[in-house]
Q: 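Input: one structure, supplied below.
Per chain, numbering begins at 1; letters A, B, ... match sequence-line order. This structure is a prediction, so every number in the text was calculated from the model and none was measured. Basis for what follows: all heavy atoms, side chains included, without hydrogens, waters or symmetry-related copies.
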Amino acid sequence: MSAGFRAVQWNCRKVVYDLILVAGVTLYIGAFMGVSAWQRPPANWPDWTNLRIDAFGSCAFIMLTIILSIGPLARLDPRFLPLLYNRRHFGVLTFFVAAVHGWSVFEWFAVQDALPGLANELSNTAAYGKFIGFPYKTLGIAALVVLLLLAATSHDFWLAFLTPPAWKALHMLLYLAYGIVVMHVALGAMQGNRSPLVPVLLGGAFVWVAGLHLVAGRRERRGDRGSKVGEGGWIAVGPPETIPDKAARIVTAPGGERIAVFRDGARVGALTNLCAHQNGPLGEGRIIDGCVTCPWHGFQYRLEDGRAPPPFTEVLATYPVRLRGGIVEVDPRPLPPGTPAAIDVVL
Amino acid sequence: MIILNVLALYGLVGAGTAFAFVIFGISRVLPAGTPVSIGARILLWPGAALLWPYVLLRWVKAGVR
Ligand code: FES
């Protein structure tokens with residue numbers, strides 16, 4: 001959290017996540033190259049390089065597709081939340097995989113003394129006006145530059161330095177990178193005269209990512225219509241025991257703001273659903289070690305007053321809660337951040 | 001060719017500016033006393049090199065204040 005900046009804030013869960021990630025990438029690339037070399041043994045070094053280009057390129061595309069799917073999947077089904085937890089490391093690894101792909105292309109030309117050919121291809125301005133024949137490698141370079149920018153600014157320092165809204169907007173460029181990559185692969189496959197499988201898989205991946213976003217967006221809009229507001233503007237949450245222990249029930253204020261009503265044993269408190277780190281969905285997190293823990297990157301807050309435990313300094317808005325006729329109710333008008341507001345209930 | 005030269009210049013100036021920023025500038029733009037580990041400074045270097053015009057602007061502004 002923001003009490004200082006370390007290189008990487010690893011914890012047990014993140015280490016496991018990263019190990020699985022690296023193992024998955026290694027397995028995929030190993031299997032891809034192994035099977036391809038077995039089916040059609042490479043005759044020389046450029047052939048091997050070609051294989052590497054395909055292995056790393058396809059791996060990077062799959063990784064990008066997964067990264068863009070994680071967000072909507074986690075919104076649709078909380079079981080995908082663990083994938084979201086360390087998505088930034090996923091992104092940085094994707095950049096490195098894509099960089100090996102790009103480097104291999106360069107190497108393929110270099111070992112055959114054909115770098116001037118590559119330079120000609122990239123600088124052939126006339127070809128940029130064509131559809132078939134478009135220098136698709138330029139698109140690959142553009143996507144790689146965007147991925148580099150995102151990987152290089154993924155550290156928490158940049159979030160604080162650029163401010164969360166600007167940082168988020170910058171990282172939305174991932175969608176642009178994905179679009180460019182889709183064009184890069186599509187044009188490359190069309191020009192390379194490879195199997196029709198590539199365009200089919202490419203189209204499938206694109207439709208999958210777009211479809212997931214549409215479905216998750218629609219579900220979210222439905223939830224945003226607001227929970228039922230009762231007497232005095234308070235929102236009924238339900239009997240205390242229906243709020244899962246050490247977890248939350250999310251209600252929506254009339255303005256669309258989401259409120260996470262947590263229960264920790266007999267204690268009930270309400271916080272904004274937006275994590276102070278990157279607006280992660282706090283209400284989908286759990287209470288760990290006595291603190292509400294964000295499911296995205298593990299920032300923690302005290303249920304009593306929405307303050308991060310010292311030495312951290314993040315503070316969240318809290319909401320008044322009360323028990324009326326055995327029903328927990330929350331007032332959707334937020335209190336100043338850090339105001340103690342949790343209550344004890346009898347279960 | 002001109003584009004490549006301009007890019008190379010941008011990268012070169014960025015590399016130098018970022019180097020100075022992660023050593024000296026970073027503590028200027030953060031609230032006083034915020035610790036930044038050496039590992040973090042190394043990881044911040046590429047981002048500072050890419051965004052160097054903005055980084056420099058913020059550094060200068062923080063220095064003036
Ligand atoms: S910890 Fe990153 S968004 Fe909550």
Side-chain angles (χ1 to χ4, degrees), chain A residues 1-10 18 88-89 91-93 95-96 98-99 106 115-116 118-125 128 135 138 141-142 144-163 166-167 169-171 173 177 308 310-315, chain B:
Chain A
M1 297 193 254
S2 64
F5 295 102
R6 279 189 285 137
V8 185
Q9 289 190 324
W10 263 308
D18 288 352
R88 273 195 271 180
H89 290 191
V92 173
L93 188 62
F95 162 70
F96 282 114
F106 180 79
L115 281 179
L118 177 63
N120 280 342
E121 190 181 325
L122 295 180
S123 57
N124 179 4
T125 36
Y128 284 92
T138 313
I141 295 172
L144 193 60
V145 169
V146 176
L147 290 182
L148 167 66
L149 180 66
L150 301 190
T153 56
S154 63
H155 195 278
D156 264 351
F157 166 81
W158 294 108
L159 181 76
F161 183 74
L162 299 171
T163 71
W167 188 88
L170 179 69
H171 283 248
L173 286 179
F312 304 110
T313 50
E314 288 80 12
V315 202
Chain B
M1 209 55 208
I2 298 173
I3 299 178
L4 278 186
N5 283 337
V6 171
L7 282 180
L9 189 69
Y10 183 92
L12 222 65
V13 177
T17 311
F19 192 66
F21 176 74
V22 296
I23 295 176
F24 309 110
I26 196 159
S27 46
R28 289 294 193 96
V29 298
L30 287 172
T34 309
V36 186
S37 74
I38 294 187
R41 288 171 199 257
I42 294 171
L43 286 193
L44 297 180
W45 180 82
L50 285 173
L51 300 179
W52 72 263
Y54 180 66
V55 165
L56 197 61
L57 188 84
R58 287 279 301 268
W59 186 2
V60 170
K61 269 195 197 163
V64 171
R65 246 183 278 135

Q: Quick check on B/Val36 against chain A: is it the side chain, the backbone, both or neither that has a heavy atom closer than 4.5 Å?
A: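 For B/Val36, the contact with chain A is made by backbone and side chain together.
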Q: Can you tell me how far the CZ atom of A/Phe157 sits from the OG1 atom of B/Thr34, to the nearest 0.5 Å?
A: 10.0 Å
Q: Would the number of heavy atoms belonging to other residues, nucleotides or ligands and lying under 6.0 Å from CH2 of A/Trp167 be above 12?
A: yes
Q: Scan B/Leu30, B/Leu43, B/Ile26 and name whichever one has a side-chain contact (heavy atoms from CB on, under 4.5 Å) with A/Phe5.
A: B/Leu30
Q: Calculate, to the nearest 0.5 Å, the distance between atoms OG1 and CG belonging to A/Thr153 and B/Leu51 respectively.
A: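 Going from the OG1 atom of A/Thr153 to the CG atom of B/Leu51 covers 6.5 Å.
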Q: Compare every heavy atom of A/Arg6 with every heavy atom of B/Ala40, then report the nearest pair and how far apart it is.
A: CB-C, 3.5 Å
Q: Is chain A contacted by the side chain of B/Leu44, its backbone, both, or neither, given a heavy-atom distance below 4.5 Å?
A: both
Q: Count the heavy-atom pairs under 4.5 Å between each of B/Gly39, B/Pro46, B/Ala48, B/Gly47 and chain A, then report the option with the highest count.
A: B/Gly47
Q: Can you pull out the residues in residues 4-14 of chain B with any heavy atom less than 4.5 Å from chain A?
A: none
Q: So for atom OH, which belongs to B/Tyr54, do other residues, nucleotides or ligands contribute more than 12 heavy atoms lying within a distance under 6.0 Å?
A: yes
Q: Can you name the closest pair of heavy atoms from B/Ser37 and A/Ala7 and give their distance?
A: OG-N, 3.4 Å
